[in-house]
Amino acid sequence: MKVILVALLLLLISVFASAQKTKLPEILQPGELAVLEAAQLNAGVFRILPRERYEADMLSYNEEYSPLGIRGGGAYYSFSASSHSFDATPELGLEKGELSVGVNGFDFGMLTDLGAIPLQSVSLATPEAQAMSAYAPPADEVDARELKRKPLAVHGFSFGRREKVVVGHTYLVRAIAYDEADILVTFHVFGTAEKGAYDIIWLKIKDFPVTKFIPERTVR
């Protein structure tokens, strides 16, 4: 039985790694327990590092010369692209103990901590998910710039773009990347790893039509 479990775990890790466009270094590979839990939930799983881990090394922002071979030093993740690269629609970031959405340019979104609840208990019927789903992002740069400065009030909820990372808590995020993706996801901070990293298990709730960005010069 033990041999079978080990073989299953190796298979799961192999499947997970193959979903990444870039081969993951060991420091970015999620732990065995997180991989097994994700498999039971038919969910995705990834490990994210704090931005400050490689911030002192500015070459970490260059894919070719990064210590990890990944632009962004493993501090970002794209649910849409299943990638850690900052070049691949980054939708979630980790910096100084906080998770964030809308980390690139005019991209933005909504993030909220739902507390210590099971990941599988969150669905489109969850009130916060309903509110996030009802939101229609603006297309023009003028409004997009303004949205980066304040929380979003949607159907009685106030959603920010940063939340403290807490092990055991489940979060809800809608990440809006102009011209690329718009996705609603729930994720659970499964556990910690060395050097301030976290293992995160996630489930996609809904994809939305992509919003085409209209530059300010065009609006005027």
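FYI, side chains are in, hydrogens and waters are out, and symmetry mates aren't considered; it's all heavy atoms of this structure. Computed from a predicted structure; not experimentally measured.
Among residues two or more places apart in sequence or in another chain, the side chain to side chain contact (heavy atoms under 4.5 Å, CB included) test is passed with Ala193 by Arg47, Ala197. In this structure Thr89 satisfies the side-chain hydrogen bond (donor to acceptor under 3.5 Å, both in side chains) test together with Glu180, sequence neighbours excluded. Every residue was checked against the side-chain hydrogen bond (donor to acceptor under 3.5 Å, both in side chains) condition with Thr112, not counting sequence neighbours, and none meets it.
Listed for the Thr170 side chain is a donor-acceptor partner under 3.5 Å among the backbone atoms of Ile117. Side chain of Thr126 to backbone of Glu128: no donor-acceptor contact under 3.5 angstrom is found. The main-chain N or O of Ala129 is found under 3.5 Å from a side-chain atom of Ser133 such that the two form a donor-acceptor pair. Between the side chain of Asp182 and the backbone N or O of Ile176, no donor-acceptor pair lies under 3.5 Å. Side-chain atoms of Asp199 never come within 3.5 Å of backbone atoms of Thr192 as a donor-acceptor pair (strictly under, hydrogens ignored). Side-chain atoms of Glu91 come within 3.5 Å of backbone N or O of Ser80 as a donor-acceptor pair. Under a 3.5 Å cut-off, the side chain of Glu163 and the backbone N or O of Tyr171 do not form any donor-acceptor pair.
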Checklist entry - For Phe157 and Leu152, what are the C-alpha separation, side-chain angles and deciding distance, and is it a side-chain contact (heavy atoms from CB on, under 4.5 Å)? => result CA-CA 8 Å; Phe157 292 95; Leu152 283 171; over 6 Å; no
Item to check | Phe190 and Ile200: CA distance, side-chain angles, deciding distance, side-chain contact (heavy atoms from CB on, under 4.5 Å) verdict | outcome: CA-CA 5 Å; Phe190 183 81; Ile200 291 179; over 6 Å; no
Next on the checklist: Checking Glu98 against Lys164 for the salt bridge (charged side-chain N to carboxylate O under 4.0 Å, His left out) test, could you report, in this order, the C-alpha distance in whole Å, the side-chain angles of both residues, the deciding distance, and whether it holds?
Outcome noted: CA-CA 4 Å; Glu98 289 188 329; Lys164 181 179 179 181; over 6 Å; no
Item to check | Stepwise side-chain contact (heavy atoms from CB on, under 4.5 Å) check, Trp202 with His188 | outcome: CA-CA 6 Å; Trp202 66 280; His188 182 79; over 6 Å; no
Checklist entry - Should Val185 and Leu203 be marked as a side-chain contact (heavy atoms from CB on, under 4.5 Å) after you check the CA-CA gap, both sets of side-chain angles, and the distance that decides it? => result CA-CA 6 Å; Val185 166; Leu203 289 168; over 6 Å; no
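In this structure the side chain of Glu95 reaches within 4.5 angstrom of the side chain of Arg162, judged on heavy atoms. With contacts defined as side-chain heavy-atom distances shorter than 4.5 Å, the pair Phe208/Ile183 does not qualify. Between Leu184 and Asp207 the shortest side-chain heavy-atom distance does not fall below 4.5 Å. Between Phe159 and Leu111 the shortest side-chain heavy-atom distance does not fall below 4.5 Å. Residues Leu49 and Leu94 have side chains not in contact (no heavy-atom distance under 4.5 Å, counting atoms from C-beta outward). Residues Tyr77 and Ser82 are in side-chain contact: their nearest non-hydrogen atoms beyond the backbone lie under 4.5 Å apart. When side chains are defined from C-beta on, Pro151 counts as touching Ser158, because their heavy atoms get closer than 4.5 Å. Looking at heavy atoms from C-beta onward, Val154 lies in side-chain contact with Met110 at the 4.5 angstrom threshold.
When every heavy atom of Ala43 is checked against every heavy atom of Leu119, the shortest pair comes out as CB-CD2, 4.5 Å. When every heavy atom of Ala88 is checked against every heavy atom of Ala81, the shortest pair comes out as O-CB, 3.8 Å. Between Arg174 and Tyr135, the shortest heavy-atom contact is NH1-O, 2.7 Å. Between Ile205 and Leu172, the closest heavy-atom pair is CD1-CD1, 3.6 Å. Contact record, Gly74 with Leu68: N-CD1, 4.0 Å, taken as the closest heavy-atom pair. The heavy-atom pair separating Glu37 from Ile201 by the smallest distance is CG-CD1, 3.5 Å.
For the atom pair Thr186 OG1 and Leu124 CG, the distance stands at 12.0 Å (nearest 0.5 Å).
Arg71 and Tyr76 share no donor-acceptor pair across their side chains, judged by distance under 3.5 Å alone.
Cluster membership for Val210 and Val103, using ILVMFWY side-chain heavy atoms within less than 4.5 angstrom, is not shared.
For Phe106 and Phe108, the ring centers sit 6.0 Å or farther from each other.
The number of heavy atoms from other shown groups lying within 6.0 Å of CG (Asp179) is above 12.
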